[in-house]
Amino acid sequence: MSSAAPFLLSPKQVEELVVKSDSTAVSLLDSTWFMPNSSRNAKQEFLSRRIDGSQFLDLDEVASSHELGLKHMMPGKRAFARACEQLGISPSTHVIIYDSHGVFSSPRALFMFRSFGHEKSSIIDGGLPRWVDEGLPLETAAPSQPKPATYAMPEFKGNAIRSYEQIVSNSQFDPSTNAQSELVLDARPKGRYTGNDPEPRPGLSSGHIPHSFSLTFNLFLQKHKTKDGQEYSTFLPPADIKRALDAAVGPAEADKIIRGERPVVASCGSGMTAGVLWLGLQLLGVKRVGLYDESWTGYAMRPTSQIQKSL
């Protein structure tokens, strides 16, 4: 559908691309999303200020409905194509995604585009805070409406998403004794994985899927502070991401993952920060990595799920 673009771009690289391109060649998307217990409103913040020419990508709106009422599930092909058309995106557009955390929800949006074969897509590493900190301009007037585009029905990469049934089946096998099982990496904070800390969603048990591994998403990230004291994140260099993977699953398993001998599945609370693990693994060249779309919320909501708690 489109030639591959770098996964990560700096603000300066984005500025250069926008200056050199015509208005239809690049599309900037703000995909900011906040946890359900946050008082912040991503759409309102976008309307108040944004990178010039940006559109807002609501990951809860461009999504499939779910029997458990889960948000931001992967949309169907038709819904994805229709959203692209409304955002002025064609198959040849270079889609550049950012969020107001630095790196948080933008990798999930990138995962969606790449899963539908839109390889000409990137995120701004450091997002809106880094853009501002580097002195690049913002737009505060009402956002302009994009010119609708045409987007042919895309093909979805069938191995991108794992279902509940696939996760349950895989959880019955110990990867230390079964070379064919997939390694599930849990991006939630360690306390929620062990069951010591509560989930942010009321009434939902913490704990973890049997035989899964804890790999908190921020272990792939480094923190920075803007000149006015705002904290934001960027990805660590690949060598440091590899060290975090080694620490989580062991160097031998990490090497198997990178060589493509061990497939992996990223999971988190609701399918959002699992995208950070997915993208971090892409930066290491990992090809066999999927995402459990429902993640922990869908798993723990089902009374038949086996939940493990450990120190």
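In what follows, every heavy atom counts, from backbone to side chain, and hydrogens, waters and symmetry copies are set aside. Residue numbers start at 1 and run along the sequence shown. Just so it is clear, the model here is predicted, and its values are computed rather than measured.
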Exercise. Are H101 and F34 near enough that their ring centres are under 6.0 Å apart?
Worked result: yes
State yes or no: do [X] and [Y] share one hydrophobic cluster built from I, L, V, M, F, W and Y residues joined by side-chain heavy-atom distances below 4.5 Å, directly or via other members?
| X | Y | answer |
| --- | --- | --- |
| M35 | V276 | yes |
| L291 | I167 | no |
| F56 | W131 | no |
| Y292 | V286 | no |
| L128 | Y232 | no |

Indicate yes or no for a side-chain donor-acceptor contact from [X] to the backbone of [Y] under 3.5 Å, with no hydrogens or angles considered.
| X | Y | value |
| --- | --- | --- |
| D30 | D99 | no |
| S48 | E45 | yes |
| S267 | S295 | no |
| E61 | H72 | no |
| S38 | R40 | yes |
| R201 | N37 | no |
| S305 | Y299 | yes |
| K147 | G88 | no |
| K227 | D133 | yes |
| R262 | P175 | yes |

Taking all non-hydrogen atoms of both residues into account, name the closest pair between [X] and [Y] and its distance.
| X | Y | value |
| --- | --- | --- |
| L245 | L284 | CD2-CD1, 4.1 Å |
| M73 | D293 | CE-O, 3.1 Å |
| S90 | A149 | N-CB, 4.1 Å |
| D125 | V103 | OD1-CG2, 3.6 Å |
| Y193 | S212 | OH-O, 2.6 Å |
| A109 | L57 | CB-CD2, 3.9 Å |

Spacing of [X] atom [atom1] and [Y] atom [atom2] [to the nearest 0.5 Å]:
| X | Y | atom1 | atom2 | value |
| --- | --- | --- | --- | --- |
| I96 | S27 | CD1 | OG | 8.5 Å |
| L138 | R49 | CG | CZ | 5.5 Å |
| F7 | S121 | CZ | OG | 8.0 Å |
| I241 | Q222 | CD1 | CD | 9.0 Å |
| M301 | E294 | CE | CD | 9.5 Å |
| L236 | T234 | CG | OG1 | 7.0 Å |

Cation-aromatic face contact [X]/[Y], 6.0 Å, 45 degrees:
| X | Y | answer |
| --- | --- | --- |
| R50 | F46 | yes |
| R302 | Y164 | yes |
| R192 | W296 | no |

Compute whether any side-chain donor of one residue and acceptor of the other, for [X] and [Y], lie under 3.5 angstrom apart.
| X | Y | answer |
| --- | --- | --- |
| T216 | N218 | no |
| S205 | K309 | yes |
| S122 | H94 | yes |
| T273 | R108 | no |

State, with a plain yes or no, whether a side-chain heavy atom of [X] is found less than 4.5 Å away from one of [Y].
| X | Y | answer |
| --- | --- | --- |
| R162 | E182 | yes |
| H224 | R130 | no |
| S105 | S31 | yes |
| V184 | V264 | no |
| I209 | D186 | no |
| V265 | Q166 | no |
| I124 | I97 | no |
| P148 | E85 | no |

For this session: Look at the rings of W33 and F104 and say which category their plane angle falls in: under 30° parallel, 30 to 60° tilted, over 60° perpendicular.
Result: parallel
For this session: Report the relative orientation of the aromatic rings in F80 and F116; use parallel for angles under 30°, tilted for 30 to 60°, perpendicular for over 60°.
Result: parallel
Exercise. Can E119 and K157 be counted as an ion pair, charged N to O under 4.0 angstrom?
Worked result: yes
Exercise. Does the pair M112 and R114 meet the rule for a side chain to side chain contact (heavy atoms under 4.5 Å, CB included), with working shown?
Worked result: CA-CA 6 Å; M112 177 178 71; R114 294 279 176 142; over 6 Å; no
Problem set entry | Worked verdict on V249 versus L185 for side chain to side chain contact (heavy atoms under 4.5 Å, CB included) | CA-CA 9 Å; V249 302; L185 303 177; 3.7 Å; yes
For this session: Start with the C-alpha distance between Y98 and S54, add both sets of side-chain angles, then the distance that settles side-chain hydrogen bond (donor to acceptor under 3.5 Å, both in side chains), and finish with yes or no.
Result: CA-CA 10 Å; Y98 67 92; S54 299; 3.0 Å; yes
For this session: Check the surroundings of atom NZ in K225: do more than 12 heavy atoms from other residues, nucleotides or ligands lie under 6.0 Å from it?
Result: no
Problem set entry | Evaluation steps, side chain to side chain contact (heavy atoms under 4.5 Å, CB included), between K71 and S270 | CA-CA 8 Å; K71 303 292 187 181; S270 67; over 6 Å; no
For this session: Please lay out, stage by stage, how D60 and K43 fare under the test salt bridge (Lys or Arg N to Asp or Glu O under 4.0 Å).
Result: CA-CA 11 Å; D60 286 340; K43 182 64 177 291; over 6 Å; no
For this session: Could you walk me through whether K242 and I258 pass the side chain to side chain contact (heavy atoms under 4.5 Å, CB included) test, one step at a time?
Result: CA-CA 9 Å; K242 172 60 163 59; I258 292 171; 3.4 Å; yes
